[in-house]
Chemist: 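This structure is in structure tokens; I'll ask about it shortly.
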Amino acid sequence: MTYSRPMLSVVVRRLKEPRRFIQVLAGPRQVGKTTLIRQAMDVVDLSAHYASADDPAGRDLAWLRSQWEIGRLTARDGGRKGGLLVLDEIQKIPEWASLTKLLWDEDSGSNVPLRVVILGSAPLLIQRGLGEALTGRFELIRVPHWSLPEMREAFGWDLDRYVFFGGYPGGAALVKDPRRWARYVMDSLVETTISRDILLLTRVDKPALLRQMFRLACEYSGQILSYQKMVGQLQDAGNTTTLAHYLELLGGAGLVTGLQKFSSGTVRMRGSSPKLLALNTALVSAPTGLTFREARRDTALWGRLVETAVGAHLVNTGAEDGIAVMYWRDRDREVDWVLERGPKVMGIEVTSSRRKGSVPGLRLFQERSGASTLLVGGQGIPVEDFLARPAVEWLP
């Protein structure tokens with residue numbers, strides 16, 4: 001698989017620095033974390049050892065300690081340059097963080113020049129000890145879904161192909177066979193993420209409800225849906241707190257999320273109905289069973305895919321820069337996406353090329369908040385141009 005992501009240079013630069021922190025590469029399944037670190041291992045002039053805990057038979061602390069000892073030997077063989085230890089899917093090992101802290105501190109005290117990289121899902125890593133046991137000892141490098149420029153450079157995709165097939169590089173070779181591509185997305189990506197990254201590592205009392213929540217979020221991606229309405233559409237839904245928790249788990253795994261309403265009042269914002277968003281448009285396209293051409297002729301579906309592509313792009317590229325992505329609504333007036341970082345706020349409305357009228361929601365939002373606004377599509381910034389730049393570059 002071709003890997004041309006700009007963050008490769010970031011990872012290489014971190015690995016060439018003196019040993020200071022454990023580097024954590026975190027992101028969804030199948031976005032290239034393992035490929036990224038293997039390419040970085042080829043670039044840096046360090047002896048390296050790679051090991052993965054992603055084994056159905058399971059791994060334990062003895063396995064982790066043995067891999068660390070191999071890493072120490074690698075560092076000693078590397079002389080003054082030291083060595084590199086890469087641990088993939090380490091969150092699968094119970095109590096991994098406490099042992100990692102112990103071993104890291106031992107090396108720090110003994111001046112063992114061993115650099116360590118951990119790969120996995122950031123929320124699951126943090127939930128299973130990263131944020132508590134390893135406080136002050138790690139740096140997080142977020143590895144998001146692939147962007148339009150990355151898919152274009154690697155596979156020659158244009159805007160329409162990206163909007164429909166999304167940013168999963170592993171599925172690029174399958175797009176000429178739509179049914180096979182859809183099965184790959186649903187079986188190899190979605191089901192594996194739910195069953196192995198969520199259900200095995202997190203307490204979920206109603207797995208069937210979690211899967212229903214995922215399907216509902218994809219079906220209504222780009223739409224605001226109250227938790228009460230969700231309860232009415234889901235079987236054995238329980239209470240709204242359960243649904244909010246499941247949506248948070250799905251968001252942590254890089255599948256779907258629920259965005260909050262922008263408001264100057266934090267309490268009102270947190271209590272608002274979420275705007276559902278698939279974090280990769282493939283998650284919306286694959287379940288429909290439609291071909292690319294059929295979806296392109298469905299104007300309602302295509303408009304939803306374009307809006308999802310813009311929203312997912314903002315969430316995926318904005319996280320590293322600390323940008324919160326929300327929405328705004330006042331009665332029947334709405335703004336699709338709102339970016340906020342510190343005092344900087346921007347409202348973004350996505351419109352199709354067929355709509356040429358005014359956008360009263362965007363105008364009202366600007367009057368009320370004093371924020372900058374941007375129109376994407378139609379008579380505004382072309383969608384392709386917008387998706388070519390990260391969220392931080394659109395903030396005033």
Chemist: To the nearest 0.5 Å, what is the distance between CD on Glu349 and CD on Glu307?
Modeler: 7.5 Å

Chemist: Just so I know, are the side chains of Ser66 and Glu69 near enough to count as touching, which here means a heavy-atom distance under 4.5 Å?
Modeler: no

Chemist: Taking side chain as C-beta onward, heavy atoms only, is Leu216 less than 4.5 Å from Met230?
Modeler: yes

Chemist: Do Val256 and Val231 belong to the same hydrophobic cluster, where Ile, Leu, Val, Met, Phe, Trp and Tyr are linked whenever their side-chain heavy atoms lie under 4.5 Å apart, directly or via other members?
Modeler: yes

Chemist: Show, in sequence, the C-alpha distance, side-chain angles and deciding distance for Tyr327 and Trp337, and conclude whether the ring-ring contact (aromatic ring centres under 6.0 Å, His included) test is met.
Modeler: CA-CA 5 Å; Tyr327 72 94; Trp337 314 110; 8.5 Å; no

Chemist: What do you reckon, is NZ of Lys206 surrounded by more than 12 foreign heavy atoms closer than 6.0 Å?
Modeler: yes

Chemist: Would Leu301 and Val310 show up in the same hydrophobic cluster when neighbours are defined by side-chain heavy atoms closer than 4.5 Å?
Modeler: yes

Chemist: Using 30° and 60° as the class boundaries, would you call the ring planes of Phe365 and Phe262 parallel, tilted or perpendicular?
Modeler: perpendicular

Chemist: Determine whether Ile323 and Glu340 make a side-chain contact, defined as any pair of heavy atoms from C-beta on separated by less than 4.5 Å.
Modeler: no

Chemist: Treating Thr74 as the side-chain partner and Gly83 as the backbone partner, does any N or O pair qualify as donor plus acceptor under 3.5 Å?
Modeler: no

Chemist: Which word best sums up how the rings of Phe292 and Phe165 line up, parallel for under 30°, tilted for 30 to 60°, or perpendicular for over 60°?
Modeler: parallel

Chemist: Could you see if Leu73 belongs to whatever hydrophobic cluster contains Leu64? Use Ile, Leu, Val, Met, Phe, Trp, Tyr and a side-chain cutoff under 4.5 Å.
Modeler: no

Chemist: Could you check whether atom CD of Gln235 has more than 12 heavy atoms from other residues, nucleotides or ligands sitting under 6.0 Å from it?
Modeler: no

Chemist: If you count every heavy atom of other residues, nucleotides or ligands that lies below 6.0 Å from Asp45 atom CG, does the total exceed 12?
Modeler: no

Chemist: Are Met186 and Leu290 in one and the same hydrophobic cluster, where Ile, Leu, Val, Met, Phe, Trp and Tyr link if side-chain heavy atoms are under 4.5 Å apart?
Modeler: yes

Chemist: If we only count heavy atoms from C-beta on, is the Leu250 to Ile198 side-chain gap below 4.5 Å?
Modeler: yes

Chemist: Membership question, hydrophobic clusters at under 4.5 Å side-chain separation (ILVMFWY): are Val338 and Ile224 in the same one?
Modeler: no

Chemist: Would you say the side chain of Arg211 lies within less than 4.5 Å of the side chain of Ile194, judging by non-hydrogen atoms?
Modeler: yes

Chemist: Within the distance-only criterion (no hydrogens, no angle test), does the side chain of Asn280 pair as donor or acceptor with the backbone N or O of Leu283 below 3.5 angstrom?
Modeler: no

Chemist: So Arg19 and Pro113, do their side chains get closer than 4.5 Å, heavy atoms only?
Modeler: no

Chemist: Please lay out, stage by stage, how Thr34 and Asp88 fare under the test side chain to side chain donor-acceptor pair (under 3.5 Å).
Modeler: CA-CA 8 Å; Thr34 302; Asp88 205 345; 2.8 Å; yes

Chemist: Between Asp42 and Arg38, is the closest basic N to carboxylate O distance under 4.0 Å?
Modeler: no

Chemist: Applying side-chain hydrogen bond (donor to acceptor under 3.5 Å, both in side chains) as the test, list every pair that has at least one member in residues 156-182; sequence neighbours left out.
Modeler: Asp160-Arg296

Chemist: Per the side chain to side chain contact (heavy atoms under 4.5 Å, CB included) rule, which among Leu259, Leu277, Thr257 passes with Val325?
Modeler: Leu259

Chemist: Quick one: does any side-chain atom of Ser221 pair with a main-chain N or O of Ala278 as donor and acceptor, under 3.5 Å?
Modeler: yes

Chemist: Can you check salt bridge (Lys or Arg N to Asp or Glu O under 4.0 Å) on Lys275 and Asp336, steps first, answer last?
Modeler: CA-CA 9 Å; Lys275 184 167 189 173; Asp336 291 329; 3.8 Å; yes

Chemist: Determine, stepwise, if the pair Glu219 / Arg304 fulfils salt bridge (Lys or Arg N to Asp or Glu O under 4.0 Å).
Modeler: CA-CA 10 Å; Glu219 183 179 352; Arg304 191 157 58 92; over 6 Å; no

Chemist: Answer yes or no: is there a donor N or O on one side and an acceptor on the other, between the side chain of Arg389 and the main chain of Trp394, under 3.5 Å?
Modeler: no

Chemist: Measure from NZ or CZ of Arg297 to the centre of the six-membered ring of Trp302, then state whether that distance is under 6.0 Å and the direction lies within 45° of the axis.
Modeler: no

Chemist: Between Glu106 and Arg72, does any side-chain N to carboxylate O distance fall below 4.0 Å?
Modeler: yes

Chemist: With sequence neighbours left out, write down each residue that passes side chain to side chain donor-acceptor pair (under 3.5 Å) with Glu248, or none if nothing qualifies.
Modeler: none

Chemist: Hey, could you give me the NZ/CG distance between Lys92 and Asp60, rounded to the nearest 0.5 Å?
Modeler: 15.0 Å

Chemist: Could you go through Trp68 and Asp107, starting from their C-alpha distance and side-chain angles, then the distance that decides it, and tell me whether this counts as side chain to side chain donor-acceptor pair (under 3.5 Å)?
Modeler: CA-CA 10 Å; Trp68 202 286; Asp107 289 350; 2.8 Å; yes

Chemist: Taking the side chain as every heavy atom from C-beta outward, state whether Leu87 and Val117 have any pair of such atoms under 4.5 Å apart.
Modeler: no

Chemist: Find out whether Gln212 and Gln233 are in side-chain contact, i.e. whether some heavy atom of one side chain is under 4.5 Å from a heavy atom of the other.
Modeler: no

Chemist: In Å and rounded to the nearest 0.5 Å, what is the CD to OG1 distance from Gln223 to Thr308?
Modeler: 9.0 Å

Chemist: Does Phe21 have Arg137 sitting over its ring (NZ/CZ under 6.0 Å from centre, angle to axis within 45°)?
Modeler: no

